[in-house]
Every structure is written in structure tokens, then in C-alpha cells.
Amino acid sequence: MSAVSDRLPTFPWDKLEPYKKTAAAHPDGIVDLSVGTPVDPVPELVQKALIDAADSPGYPTVWGTPALRDAICGWLERRLGAREVTHRHVLPVVGSKELVAWLPTQLGLGPGDRVAYPRLAYPTYEVGARLARAAYETYDDPRDLDPAGLKLLWLNSPSNPTGQVLGKDELTEIVAWARAHGVLVVSDECYLELGWEADPVSVLHPDVNGGSYDGIVAVHSLSKRSNLAGYRAAFIAGDPAVLGPLLEIRKHGGMMTSAPTQAAVVAALGDDAHVHEQRARYAARREALRSALLSHGFRIEHSEASLYLWATRDEPCWTTVAHLADLGVLVAPGDFYGPAGETFVRVALTATDERIAAAVARL
């Protein structure tokens with residue numbers, strides 16, 4: 001086991017513990033804006049669907065029920081503008097982090113193969129490459145990469161941590177470049193429902209992929225849009241030539257979403273009203289925090305989408321973390337997401353209205 005764990009970096013969140021203690025000592029309590037974990041209630045219709053499916057004594061299927069696959073296909077066409085999506089184009093997964101961490105291994109990548117991801121990025125992209133013993137590298141523009149040996153290209157739009165959105169034209173050019181070089185594109189689009197100053201586009205849109213899903217896969221999650229982080233509910237969609245073998249591998253590994261969760265996802269994907277309500281909550285929190293940070297001397301870059309504000313005072317990120325912890329506010333240091341974030345902090349919108357108001361007052 002140590003041989004596997006030795007491949008991995010130190011779990012970054014452990015480094016925040018001393019600052020969390022400082023923030024927690026504030027007389028009015030901590031305002032934790034470090035981790036993007038939902039705090040608002042699970043929509044009632046989703047809870048009801050889960051409860052109604054609670055009597056599920058048999059094993060669920062890895063591919064999900066036909067009703068789940070229908071719901072995913074319908075949502076992809078209705079919300080993302082995808083066309084001619086069939087069950088062969090979709091695959092449920094046990095939360096998107098599991099998928100990101102194990103995808104390189106499940107694709108059969110290893111020594112001699114390369115994985116690339118954005119210079120500022122979710123740390124699990126690197127973890128996935130390390131688990132597979134593949135080489136990994138970062139990019140500013142993927143089209144500048146050497147395609148030799150590049151087997152997996154991660155895109156992330158809207159970005160975690162920066163909230164940056166790749167435009168339709170840029171996505172189209174990247175997909176064309178990757179196809180020309182035989183590189184699989186996997187686009188992490190888990191924050192796509194949360195565009196504020198931009199309207200994020202999926203690689204599954206025909207304007208981007210030319211009406212073909214060859215060589216592309218999109219990753220989507222219900223954690224943020226529907227407050228289902230605790231359910232571990234996500235799915236991937238795209239090239240059947242990629243998803244088919246993944247399905248077989250995941251069958252052998254027993255990587256199945258629970259039957260009650262599958263029923264809950266059907267309900268969640270079939271309802272847009274709760275998504276609009278949650279977006280409104282986040283929009284109000286975003287505006288309040290953004291104004292307070294700017295007044296406190298921060299500069300905010302990108303952040304046109306997602307659940308975070310990418311903020312800086314042009315000082316080392318840990319200095320900023322310490323300063324805010326003294327105010328009882330905990331944020332994530334930018335270097336968690338790569339050296340390029342060393343002067344930034346990531347401020348999550350995922351706190352209750354009461355805690356957001358407390359942070360604003362302290363700032």
C-alpha cells in the first residue's frame with residue numbers, strides 16, 4: 001500500500017488546519033469559505049425520490065436504470081444543446097472526483113503516456129496521472145503542447161479555481177487540434193450551470209464538435225447544481241468508443257451508484273426550478289462577497305462562472321489566508337491549484353446567507 005500512497009502528493013487541505021483553528025476562535029465563529037461544499041437543503045422532490053426508492057434490496061447496475069439514462073440523455077439535449085444522444089453515449093459515475101482520480105488508470109494509461117491539464121487546476125487531475133504512473137504536465141493553451149505521447153487532455157470550463165470560461169470558438173479549435181493529433185479530450189464541466197458573466201458552452205454542443213462525439217467526453221455532476229454532494233451523483237457523456245470499455249471495466253470493479261441515488265438523479269435532472277432557485281442564492285452571495293472583497297483591497301480576476309471568487313492582494317497566498325483567518329474567515333490558498341496561484345486565494349460562495357453576511361461585516 002505504501003508504494004501506491006508514495007506516488008501521491010501531501011493532501012493539501014491538511015495544511016489549512018492551523019488557520020482553521022485561528023478562524024474558529026473568532027468570537028462570532030468561523031466563516032468557512034475554503035471548500036466548495038453545498039450547505040443548502042437538498043430539494044424536496046429529490047429527497048422524496050430517494051425515500052420512495054429506499055426499498056432497494058438488489059444490486060444496482062453500473063450503467064444505471066433505463067430511466068436514469070433517459071434522464072441524462074434528455075438533460076444533455078435540453079440544457080447543453082447536444083444532439084442524437086443515446087444510452088451508448090452516457091455513463092453514471094460515483095461522483096466526479098472518483099472519475100477524475102481513476103480515469104487514467106481505467107483508460108490503461110501508464111509509464112510513457114502523458115496527461116495534461118490547466119496550469120491552475122483541481123489537484124485531482126495530477127493525482128489521477130500519478131495513480132496511473134503516467135507523466136503529467138500543465139498548460140496555458142493546450143494547442144502549444146507536444147502531442148507525442150499525449151493521451152489525455154483535461155479541459156475545465158468553468159474553471160475550478162479561477163471561474164474562467166472557454167469560449168465556443170476556443171473550444172472548437174481545441175477539439176479540432178486534439179482530434180488531428182489523436183488526443184482524447186475530457187472536459188470537466190461540473191460548474192456549467194453556474195455562469196454569471198459568461199454563458200458556458202459544452203464540448204457536446206454541435207457547434208463545438210461538428211455533430212460528432214468522436215474523441216470527446218464531458219464530465220457532469222449534480223453536487224453543485226442540486227446540492228447533491230452527499231449523494232455522490234455524476235455522469236460522463238460522449239464518445240461510445242471510450243464509454244463502452246469504461247463501462248465494462250467499471251462493472252468488474254463494482255463502481256455502481258446506489259439505486260436510491262439513481263432515482264434521486266432522475267428527479268433532479270427532470271426539474272429546472274430548483275436549479276434556478278439555487279443559482280439565485282449563489283448570485284446574491286457572490287455579489288455580497290465580491291463587493292466586500294473589493295472594498296477590503298482585493299482584486300478579483302476571472303470568476304465569471306463557478307462557485308468561487310479568485311481574489312488577490314498581490315501578496316503570498318498564505319499571508320492572505322492568515323489575514324482572513326484572523327477575521328474568522330477561512331479561504332483556500334491559491335497554490336493548492338498550482339504554483340501560478342501563489343498570490344491568490346479561492347473564496348467559495350458555499351456558506352449560508354447568515355455566514356456570508358458575517359464575512360461581509362468583518363471585511
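- No more than 12 heavy atoms of other residues, nucleotides or ligands shown are found within 6.0 angstrom of CZ on Arg88.
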* Asked: When you look at Val185 and Trp154, which way does the side chain to side chain contact (heavy atoms under 4.5 Å, CB included) test go after all the steps?
  -> CA-CA 6 Å; Val185 172; Trp154 282 106; over 6 Å; no
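- His274 is listed as a side-chain neighbour of Ser226, based on a closest heavy-atom distance under 4.5 Å.
- Between Arg79 and Glu193, at least one side-chain nitrogen of the basic residue sits less than 4.0 Å from a carboxylate oxygen of the acidic one, meeting the salt-bridge criterion.
- Under the 4.0 Å criterion applied to side-chain N and carboxylate O atoms, Arg299 and Glu301 are assigned as salt-bridge partners.
- Judged by distance alone, the side chain of Ser56 and the main-chain N or O of Ala53 form a donor-acceptor pair under 3.5 Å.
- With salt bridges taken as basic N to acidic carboxylate O contacts below 4.0 Å, none links Lys168 and Glu173.
- Of the possible polar contacts, one joining the Asp113 side chain to the Gly110 backbone as a donor-acceptor pair under 3.5 Å is found.
- When ring centroids are compared, Tyr125 and Tyr136 stay outside the 6.0 Å threshold.
- A salt bridge does not link Glu44 with Lys48: none of the charged nitrogens is closer than 4.0 Å to a carboxylate oxygen.
- Side chain of Ser187 to backbone of Glu189: no donor-acceptor contact under 3.5 angstrom is found.
- Shown here is Arg78, whose CZ atom has more than 12 heavy atoms of other residues, nucleotides or ligands within 6.0 Å.
- With 3.5 Å as the limit, one finds no donor-acceptor pair spanning the side chains of Asp239 and His89.
- In this structure, Glu248 pairs ionically with Lys251, as a charged nitrogen and a carboxylate oxygen lie closer than 4.0 Å.
- For the pair Arg346 and Trp310, the cation does not sit on the ring face, since its NZ or CZ is not both under 6.0 Å from the ring centre and inside 45° of the axis.
- Taking the side chain as every heavy atom from C-beta outward, Glu342 and Trp318 never approach each other to under 4.5 Å.
- Salt bridge Arg285/Asp353: present, at least one basic N to carboxylate O contact under 4.0 Å.
- Within 6.0 Å of CH2 on Trp75 lie more than 12 heavy atoms contributed by other residues, nucleotides or ligands.
- Counting only N and O atoms by type, the side chains of Tyr139 and Tyr117 include no donor and acceptor under 3.5 Å apart.
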* Asked: Are Lys151 and Val183 close enough, and set up right, to give a side chain to side chain contact (heavy atoms under 4.5 Å, CB included), and what steps lead you there?
  -> CA-CA 5 Å; Lys151 298 296 178 66; Val183 179; over 6 Å; no
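- A salt bridge links Glu197 to Arg286: at least one charged side-chain nitrogen sits closer than 4.0 Å to a carboxylate oxygen.
- Checked for salt-bridge contact, Arg362 and Asp28 meet the test: a charged N lies under 4.0 Å from a carboxylate O.
- Contact of the Val331 side chain with the Ser34 side chain is not registered, since no non-hydrogen atoms from C-beta on lie closer than 4.5 Å.
- Aromatic ring centres of Trp196 and Tyr282: separated by at least 6.0 Å.
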* What's the verdict on side chain to side chain contact (heavy atoms under 4.5 Å, CB included) for Met255 and Val93, showing C-alpha distance, side-chain angles and the deciding distance? -> CA-CA 7 Å; Met255 305 178 86; Val93 296; over 6 Å; no
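- In this structure, the side chains of Leu330 and Leu324 stay at 4.5 Å or more apart for every pair of heavy atoms.
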